[in-house]
Amino acid sequence: QVQLVESGGGLVQPGGSLRLSCAASGSSVPILISGWYRQAPGKQRELVALITSAGSITSGDSVKGRFTISRDNGKNTVYLQMTSLKSEDTAVYYCNVNYNWWGQGTQVTVSS
């Protein structure tokens, strides 16, 4: 069983930045792929960005050029640096590992 602890969400003004972190623990299963999804009220959960252990990245079209995903394999931690935030980025952001385990979610609100 993998435990995921997310941090870094909050309230930010449009154009601002936030950095999310997700630390994994509790299992010896190799973390092959990890990343972030988000779900806004009344909408389906959507892909934000994923990164493999080799560093290959997949990003959603709406965040390309603004959000950067990275990972520290030694710390089993994945990060999401979010810049030029827009109101439509407001959502609960969920960490995911190996398409299997989910974090509890962290709220990101972009509002003036």
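Small disclaimer: the values here were computed from a predicted structure and weren't measured.
The two residues Gly103 and Leu4 have their closest heavy-atom pair at N-CD1, 3.5 Å. Taking both residues in full, the closest heavy atoms of Ala40 and Ala91 are given as N-CB, 3.8 Å, listed atom of the first, atom of the second, then distance. Residues Gly26 and Gln3 come closest through the heavy atom pair CA-OE1, 3.4 Å. Counting all heavy atoms, side chain and backbone alike, Ser111 lies closest to Pro14 at C-CD, 3.6 Å. Nearest heavy-atom pair across Glu46 and Ser62 is OE2-OG, 4.4 Å. Taking both residues in full, the closest heavy atoms of Asp89 and Ser84 are given as OD2-O, 4.4 Å, listed atom of the first, atom of the second, then distance.
Connection of Val12 to Leu80 is established within a shared hydrophobic cluster, with ILVMFWY side chains joined at heavy-atom distances below 4.5 Å, either directly or through further cluster members. No path of Ile, Leu, Val, Met, Phe, Trp and Tyr side chains, each step under 4.5 Å between heavy atoms, connects Tyr37 with Trp101, placing them in separate hydrophobic clusters. At a threshold of 4.5 Å between side-chain heavy atoms, the hydrophobic network of Ile, Leu, Val, Met, Phe, Trp and Tyr places Trp102 and Tyr99 in one connected group. Val97 and Ile51 are members of different hydrophobic clusters when ILVMFWY side chains are connected at heavy-atom separations under 4.5 Å. Val48 and Val92 are assigned to two separate hydrophobic clusters, defined by single-linkage of ILVMFWY side chains at heavy-atom distances under 4.5 Å.
For the pair Met82/Trp36, no side-chain contact is recorded, criterion being any heavy-atom separation below 4.5 Å from C-beta on. Using a 4.5 Å heavy-atom threshold, the side chains of Asn76 and Ser25 count as separate. Val29 is not listed as a side-chain neighbour of Asn100, based on a closest heavy-atom distance of 4.5 Å or more. Within the 4.5 Å cutoff, the side chain of Val78 has heavy atoms near those of the Cys95 side chain. Side-chain atoms of Ile57 and Ser59, non-hydrogen and from C-beta on, do get closer than 4.5 Å to each other.
Using modelled atom types, no side-chain atom of Thr52 and backbone atom of Leu32 make a donor-acceptor pair closer than 3.5 Å. Within the 3.5 Å criterion, the main-chain N or O of Arg66 finds a donor-acceptor partner in the side chain of Thr83. With hydrogens and angles ignored, the 3.5 Å screen pairs no side-chain donor or acceptor of Asn96 with any backbone N or O of Ile33.
If you take CZ on Arg71 and OG on Ser21, they are separated by 14.0 Å, rounding to the nearest 0.5 Å. Of the inter-residue distances, the one linking Ser112 atom OG with Leu11 atom CG reads 9.5 Å to the nearest 0.5 angstrom.
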Item checked: Criterion side chain to side chain contact (heavy atoms under 4.5 Å, CB included) on Val108 and Leu20, from CA distance to verdict -> CA-CA 9 Å; Val108 172; Leu20 305 183; 4.1 Å; yes
Margin query: Before you tell me yes or no, could you show the steps for Tyr79 and Arg19 under side chain to side chain contact (heavy atoms under 4.5 Å, CB included), namely the whole-Å CA-CA distance, both residues' side-chain angles and the distance that decides it to 0.1 Å?
Written below: CA-CA 7 Å; Tyr79 305 96; Arg19 188 192 194 209; 3.4 Å; yes
Next item on the list: Would you check, one step at a time, whether the test side chain to side chain contact (heavy atoms under 4.5 Å, CB included) holds for Phe67 with Leu18?
Entry: CA-CA 10 Å; Phe67 291 10; Leu18 280 176; over 6 Å; no
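One finds a salt bridge joining Asp61 and Lys64 here, because a Lys/Arg side-chain nitrogen approaches an Asp/Glu carboxylate oxygen to under 4.0 Å.
Partner of Tyr94 under the side-chain contact (heavy atoms from CB on, under 4.5 Å) criterion, out of Gln39, Arg38, Gln104: Gln39 alone.
The environment of CD in Glu88 is crowded: more than 12 heavy-atom neighbours from other residues, nucleotides or ligands sit within 6.0 Å.
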